[in-house]
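See below for the structure under consideration.
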Amino acid sequence: MPRRLGDLEDAVMTRVWEWNRPVTVREVLEDLQKERSIAYTTVMTVLDNLHQKGWVRREAEGRAYRYEAVSTRAAYAAALMNEAWSASDNPAAALVAFFGMMSPEQRHALRDAVRMVQVDAPAEGTEQRTPQPQGTAPAEEAGAQEAGAQGAQAAPEGAGGAGPAEGDEPGASATGNGR
């Protein structure tokens, strides 16, 4: 399970995720300096640490590296929620408490996400449907899929998990990068 990112790691990863392209230390530094005083070497160290932990991959470009996210923010958030839920001694009560904390907008996004999962997953005791090519789903399913796509910001196809599992080799994640 992933560990929660530290404040500076999160600030750096937020930029990497939002920009959704390979970034340099200099680009991240210049954007961070709009909010705080920070040294080039600090940003370089944070990105190197994120690379060692498997959160970003890097490719040499001249004497510098370009860093790119291994996973999406949505997948990271989902993994943190799953980890917190799994730690509960009463998962049902934890979910009820969590749902009670949600705003109406969050509950709407949750309903859309559940509809998407119900459309994609077979019900217990039933046969799995053969996947329909995109755009050929029955009318009621197409509406649920469309509503879910607008309401919940799920990880793009191939985004997979949120990062490395404890004990994994750095960079060993098989997740996509959202491109």
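This is a predicted model, so every value here is computed, not measured. Side chains are part of it too, since the values below use all heavy atoms of this structure and drop only hydrogens, waters and symmetry mates.
- Looking only at distances, no side-chain donor or acceptor of Tyr65 sits under 3.5 Å from a matching main-chain atom of Val25.
- Put simply, the side chain of Thr24 does not reach to within 4.5 Å of the side chain of Tyr67, judged on heavy atoms.
- With sequence neighbours excluded, no residue satisfies side chain to side chain contact (heavy atoms under 4.5 Å, CB included) with Arg63.
- Between the side chain of Trp55 and the backbone N or O of Ser71 there is no donor-acceptor pair closer than 3.5 Å.
- Between the CD atom in Glu83 and the CZ atom in Arg4 there is a gap of 10.5 Å [rounded to 0.5 Å].
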Output side-chain donor-acceptor pairs under 3.5 Å for residues 37-50, partner residues at least two apart or in another chain, one line each.
| residue | atom | partner | partner atom | Å |
| --- | --- | --- | --- | --- |
| Thr45 | OG1 | Thr41 | O | 2.8 |
| Asp48 | OD1 | Arg58 | NH1 | 2.7 |
| Asn49 | ND2 | Thr45 | O | 3.4 |

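- No donor-acceptor pair closer than 3.5 Å links the side chain of Glu30 to the backbone N or O of Glu27.
- Between Arg3 and Leu80, the shortest heavy-atom contact is C-CD2, 4.4 Å.
- By the side chain to side chain contact (heavy atoms under 4.5 Å, CB included) test, Gln106 is found to be paired with Met102, Ser103, residues two or more places apart in sequence or in another chain being considered.
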Derivation and outcome, side chain to side chain contact (heavy atoms under 4.5 Å, CB included), residues Asp112 and Arg115: CA-CA 5 Å; Asp112 289 342; Arg115 273 190 230 113; 2.6 Å; yes
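- In plain terms, the two heavy atoms of Pro91 and Trp85 that are nearest each other are O-NE1, 3.0 Å.
- Arg73 pairs by the salt bridge (charged side-chain N to carboxylate O under 4.0 Å, His left out) definition with Asp10, not counting sequence neighbours.
- Contact of the Val23 side chain with the Glu68 side chain is not registered, since no non-hydrogen atoms from C-beta on lie closer than 4.5 Å.
- Checked against salt bridge (charged side-chain N to carboxylate O under 4.0 Å, His left out), Glu59 has no partners two or more places apart in sequence or in another chain.
- Contacts of Asn90 classified as side chain to side chain contact (heavy atoms under 4.5 Å, CB included), with partners at least two apart in sequence or in another chain: Ser88, Ala92, Ala93.
- A side-chain donor-acceptor contact under 3.5 Å links Arg15 to the backbone of Ala11.
- The salt bridge (charged side-chain N to carboxylate O under 4.0 Å, His left out) test applied to Glu9 returns Lys53, not counting sequence neighbours.
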